[in-house]
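Note on naming: letters A, B, ... go to the chains in the order of the sequence lines (proteins, then strands), and numbering restarts at 1 for each one.
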Amino acid sequence: MNRIQKALGQNKKLLSLYFTAGYPAINDTMSILTQLQDSGVDMVEIGLPFSDPLADGPTIQASSTAALHNGMTTALLFEQLKDVRETIHIPLILMGYFNPMLQYGVEKFCAKCQEIGIDGIIMPDLPLAEYEADYKAIFEKHGLINVFLITPQTSDERIQQIDAASDGFIYMVSSASTTGAQSGFSNSTSDYFERIASMHLKSEQIVGFGISNEETFKAATKHQKGAIIGSAFIKHITENGTNSVAEFVKTIR
Amino acid sequence: MKETSIDSRLRGNENESYQANERGYYGDFGGAFIPEMLYPNVEELRSQYIQIMQEPSFQEEFKQLLKDYVGRPTPLYYAARFSKKYGTKIYLKREDLCHTGAHKVNNTIGQILMAKRLGKNRIIAETGAGQHGVATATVCALMGLECIVYMGAIDIERQAPNVARMKMLSATVRPAMSGSRTLKDATNEAIRDWINNPVDTHYIIGSVVGPHPYPDMVARFQSVISEETKKQLLEKEGRENPDYVVACVGGGSNAAGLYYHYLDEPEVGIIAVEAAGKGIDSGESAATSALGREGIIHGSKTLLMQTEDGQITEPYSISAGLDYPGVGPMHAHLFRSGRGEFISVNDADAMTAGLELSKLEGIIPAIETSHALAIFETRKFKKDDVVVINLSGRGDKDLNTFIEYFNL
């Protein structure tokens, strides 16, 4: 069983954090991962920076630009992670955009992920149809779980299709927005959380976008299995330095 | 200037269509690589665009506006002195005479009618030099719809007159502050706006780029160019098909319009002219076919300029309308299949050709268009060849560049 599936089987709400590899400094990756695990975080999304991150707001854009400026590449990230499983045991998901993966070679990329011990992939701009037609077999061969997104605008029919195609969790985008755009949840967001919960999908859902503190974490995990924090965490380490990871996690739960 | 070595008589596979298939693919290129947040918007458009475009009331309104508002049909003009100089028969398709000064308005008229039928009341667009922004602001003023144009902060500084035009037309111009702060970043910002406003907003993309159905939809709106060319050439030459159609390619919308009805006519040679900037190997170029590799930009699989690691790089051309790091998927397929002949022209040769057309024909072309005019110095044609060039825009917007370049 994949580490993601194991984590989803635990009887607790999951806290997952996103950070951009190569930010703030090029060699921060292992230090941030270690601190996240030591702080009790349940899962991590490691962001592979891209020059044109369409789904991201200003905070993650800026961290990606800085990471690329620092010299981060796909090959370098794999090199930094080569011994990650000697010390890190929580599920690791690579999150990025499809073009760098395509240039590295999808087969080679997936093989490398398997070798390192990466459990899943989130590629927002690799849609369901393209994935199923051309890449599903490769992901599965290397034991990688692909995570799909849904939004408040996603139709029930499509949610069912995405649920059927998911082996791990569904990434529930909390509102129609890019990352880091919202400062709290509205009534319609709560309705959306309830609506999806009442669909009784086979896949657990983890909420992302708009979670920044204890209050929003609790709201997001009332009906769903867990929540992902990205922009708020990046802001925190930008302002407080990379040794302040535990301090941030404590403010969430 | 560089010329591809393919035999111009070998024009692809006769059984193959060069139009988009149902999934929006031109050969290996196209598709819709979009985040799920955009799926409902793009799917709504994809599932309805052909049906809406084929409605008689849509066709009637579109044609009426093209005639009465844009000023179509644009003339097909036989450039006698220019032809004489280069020893072949050169016709200019005068898109520069369209309202707002370029072909861009054909697409924005079509898309604003599409937006209205989809019930959208807020329009967003990206722009580089400002031509598409002006064309979008124009049709929004015409229809009384809210208009927000994203423009790179650097381009806002460089293209002040077009920024002022958009403001006069009551559009809001928002600076794109991310990345290199030019066209590619303005496009990113427009896409982000659409993600944040998924219900009431239509995104008017300015070229044959972006996720399916945009490349095909924009090409269909621009196809009026070749539709008219066929009729006009029949009157003038007694045949619908020229020997060659020539257009400059940035994203490629004016080219797609001129090629459209000739794509599957193998006797018509297709010539695409890209901007080599300071030279293909100078590191400052926008010649995507020569420098690009297959990848994904703005939701489309196409040829694009990128690093080995897959990061999209910043192109350069003296013409702001050609410095896009990708190319529409139709053109990527024309290149890879050999159906199209791709030539790149550097800044200096383009500027010289623009000045030359001004002197020989009394027509001051846009610098984008000037690239297409420059091929005759090296690409030779037979005396009785009929060559149609898309004179895609007028040079008024480029006067400052011409003044500085030639010390006028």
Side chain, backbone, both or neither of [X] within contact of chain B (heavy atoms, under 4.5 Å):
X        : answer
A:Gln153 : both
A:Leu102 : side chain
A:Thr178 : both
A:Pro152 : neither
A:Tyr131 : neither

For A:Phe109 and A:His142, I'd like to know if the aromatic rings sit close, meaning centre-to-centre distance below 6.0 Å. no

Is it true that, when you exclude B:Asp281 itself, more than 12 heavy atoms of the residues, nucleotides or ligands shown sit nearer than 6.0 Å to its CG? no

Please check if the number of heavy atoms outside A:Asn187 that lie under 6.0 Å from its CG is greater than 12. no

Is chain A contacted by the side chain of [X], its backbone, both, or neither, given a heavy-atom distance below 4.5 Å?
X        : result
B:Phe33  : both
B:Glu43  : neither
B:Glu189 : side chain
B:Ile191 : side chain

Tell me whether [X] forms a cation-pi arrangement with [Y], defined as NZ or CZ under 6.0 Å from the six-membered ring centre and within 45 degrees of its axis.
X        : Y        : answer
B:Arg336 : B:Phe29  : no
A:Lys108 : A:Tyr104 : yes
A:Lys225 : A:Phe169 : no

For the candidates B:Gln306, B:Lys301, B:Arg293, which exhibits the highest count of non-hydrogen atom pairs separated by less than 4.5 Å from chain A? B:Gln306

Heavy-atom pairs under 4.5 Å with chain A: which of B:Gly299, B:Ala32, B:Gly31 has the most? B:Ala32

From CD1 (A:Ile46) to CD1 (A:Ile122), nearest 0.5 Å: 11.0 Å

Give the member of A:Leu68, A:Ile150, A:Val173 that has the highest number of heavy-atom pairs under 4.5 Å with chain B. A:Leu68

Could you go through B:His298 and B:Tyr324, starting from their C-alpha distance and side-chain angles, then the distance that decides it, and tell me whether this counts as ring-ring contact (aromatic ring centres under 6.0 Å, His included)? CA-CA 11 Å; B:His298 299 139; B:Tyr324 184 69; 5.8 Å; yes

